[in-house]
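In what follows, a structure is listed as structure tokens, so that the remarks can point back to it.
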Amino acid sequence: MNFKQRDIISIRHFNKEELLYILDLAKRMEQMEYTDILKGKVLALLFFEPSTRTRLSFESAMKRLGGMVIGFAEPGVTSVAKGESLSDSVKIIEGYCDIIVLRHYLEGSAQLAADVVKTPVINAGDGANQHPTQTFLDLYTIQKTKGTLEGLTIGFLGDLKYGRTVHSLAYALAYFGAEMYFVSPPSLRMPGDFMEALKDRKVKCHENESLMGISKRLDVIYCTRIQKERFADPVEFEKVRGIYRLSKAVLEEFGIKNDLKVLHPLPRVDEMDDSLDATDFAVYFHQARNGVPIRKALLAAVLGAIE
Amino acid sequence: MKHLDVAAIKDGSVIDHIDSKSTLKVAEILNIQNEEQIVLVGMNLTSKFLGKKGIIKIEGKIIDQKEANKIALIAPNATVNIIKDYEVVKKFKIVIPEIIEGIVKCFNPNCVSNYNNIKARQHVVNKNPIKLQCHYCERIMSAKDIVLI
């Protein structure tokens, strides 16, 4: 399996074997907390959009592998504020590093960066499009907590229109024979082209507005925040604000499998109650921690430090 | 003697077998309003192949590749005839290329290709019906979404 110097832009660029390879590598990475296999390598973190987990977990992963980190988390302090284009920014920065991790609010920005630089680029989220490293850690979490990725029934809940983590994960789970329920208000349904892509891949897909009647079938609920920042019209946001609120009581009332697992890419606002945190259903904090071994695996593989 | 619905031209290009409803769009692609020589546009002409077809004849103009690519997206059945001294010297069917560059605007307003003077680029994932996937944001456009640059 060759990941050396490869860009990680979209989950669509990987086949099932490649996904499983990175999950296996992450398992190995979890065993060795600190190494120096990336000693002398420099990672540039270019975050044009706010992030806590993704940015810090990349930083932690790089440092745990012995590498160094440069970058910014606030574009206002860079030449971008002077009007520099994204292409120019990444062309300059590639001279300072061995690998670039980019988060940008425009969709396709990571592909653009990868097209103009020789340094490998990892997409850490491009608008509402893709977030492939999140998908790797979501798959890793499901595999660890459910014991398998094969043949699961997954419910996606919340903002499915702008939820890039949902788009990437649904696409990846299609490789594993998952049945999918997409639960959202009508205005936040999965984009038509994603649904079409899933149907082309023979995925059993359903669209619902509530978990009522379907919750008993689910092995996993993947809950997402309704993202205020993606709405052009605040009135539209107000119509759907707080529409879902998962809690222990709600799940018990609806009826669920005892071994249900609830994932969330975090941060949460009001869509998931604290009462879930102490239950065996909640795996979202564990999920966030899995960001480190996954990102260690990707950095080590792309920089050719491990096979 | 064969009756011609649209008069012949001496030198230039004839775009034939246009789906009738797409004729004016093809005319727009070819920017015919700025042509100074004779331009003949026919619509709803009888066609064995299409039922009804459109045809555009432009005196003094040779269709270039970029124009042919654009026409292919709008009228995939079209054929081009290059005319010299009233004779067809070259005839070819328009072919949709695998990659479209600088022709179609990505319909996703948040796509990076709509910013920073980036050349729009799409991969043709299906030719009939046409489906284009943006190289950058991966969104898939169908015929109704196509806006030419």
Side-chain angles (χ1 to χ4, degrees), chain A residues 7 9-14 48-49 79-80 83-91 102-116 121 123 125-132 161-162 164 167-168 170-171 190-201 227 229-233, chain B residues 19 21-22 25 65-66 69-77 95-149:
Chain A
D7 300 309
I9 303 299
S10 165
I11 212 73
R12 295 182 197 236
H13 299 165
F14 300 95
F48 292 82
E49 253 195 347
S79 294
V80 171
E84 185 173 68
S85 70
L86 176 61
S87 303
D88 280 1
S89 295
V90 292
K91 278 185 209 164
L102 175 74
R103 169 170 290 193
H104 200 279
Y105 47 89
L106 290 175
E107 292 162 35
S109 49
Q111 183 63 59
L112 171 68
D115 287 350
V116 298
V121 174
N123 183 5
D126 58 333
N129 183 36
Q130 284 270 330
H131 194 351
K161 181 178 180 182
Y162 302 112
R164 59 191 171 201
H167 303 162
S168 302
Y171 197 86
M190 280 284 275
D193 55 335
F194 276 99
M195 290 302 284
E196 225 171 278
L198 292 174
K199 283 174 185 168
D200 284 348
R201 300 177 74 196
Q227 304 172 91
E229 67 274 22
R230 305 266 180 233
F231 284 77
D233 182 354
Chain B
D19 168 39
K21 288 179 181 163
S22 303
K25 278 189 187 168
Q65 193 57 50
K66 190 172 178 184
N69 287 350
K70 283 187 179 182
I71 293 168
L73 296 174
I74 302 298
N77 297 311
V95 178
I96 299 175
E98 299 299 319
I99 293 177
I100 309 277
E101 265 189 317
I103 290 175
V104 177
K105 182 180 159 67
C106 179
F107 76 142
N108 174 5
N110 293 322
C111 177
V112 73
S113 67
N114 289 319
Y115 297 83
N116 291 327
N117 293 324
I118 294 158
K119 196 187 254 188
R121 186 175 190 206
Q122 291 90 20
H123 301 266
V124 177
V125 291
N126 200 52
K127 292 188 175 177
N128 195 14
I130 189 82
K131 277 188 184 175
L132 306 178
Q133 182 166 36
C134 177
H135 171 69
Y136 297 103
C137 75
E138 304 187 321
R139 298 287 294 276
I140 294 177
M141 289 177 266
S142 52
K144 66 177 178 6
D145 308 311
I146 289 177
V147 175
L148 298 172
I149 292 169

| Do any N or O atoms from the side chain of A/E107 and from the backbone of B/N108 form a donor-acceptor pair under 3.5 angstrom? | no
| request: Could you tell me whether the side chain of A/R164 and the main chain of A/G127 form a donor-acceptor pair under 3.5 Å? | output: yes
| query | Would you say A/R201's side chain and A/Y171's backbone share a donor-acceptor pair under 3.5 angstrom? | reply | yes
| Side chain, backbone, both or neither of A/H167 within contact of chain B (heavy atoms, under 4.5 Å) | neither
| query | Relative to chain A, which segment of B/N110 carries a heavy atom at a distance below 4.5 Å: side chain, backbone, both, or neither? | reply | both
| said: Check this for me, if you would: do B/K127 and B/E98 make a salt bridge, where the nitrogen-to-carboxylate-oxygen distance has to be below 4.0 angstrom? | reply: yes
| remark: Assert top hit (heavy-atom pairs under 4.5 Å, partner chain B, pool A/L86, A/I9, A/D88, A/D115) equals A/D115
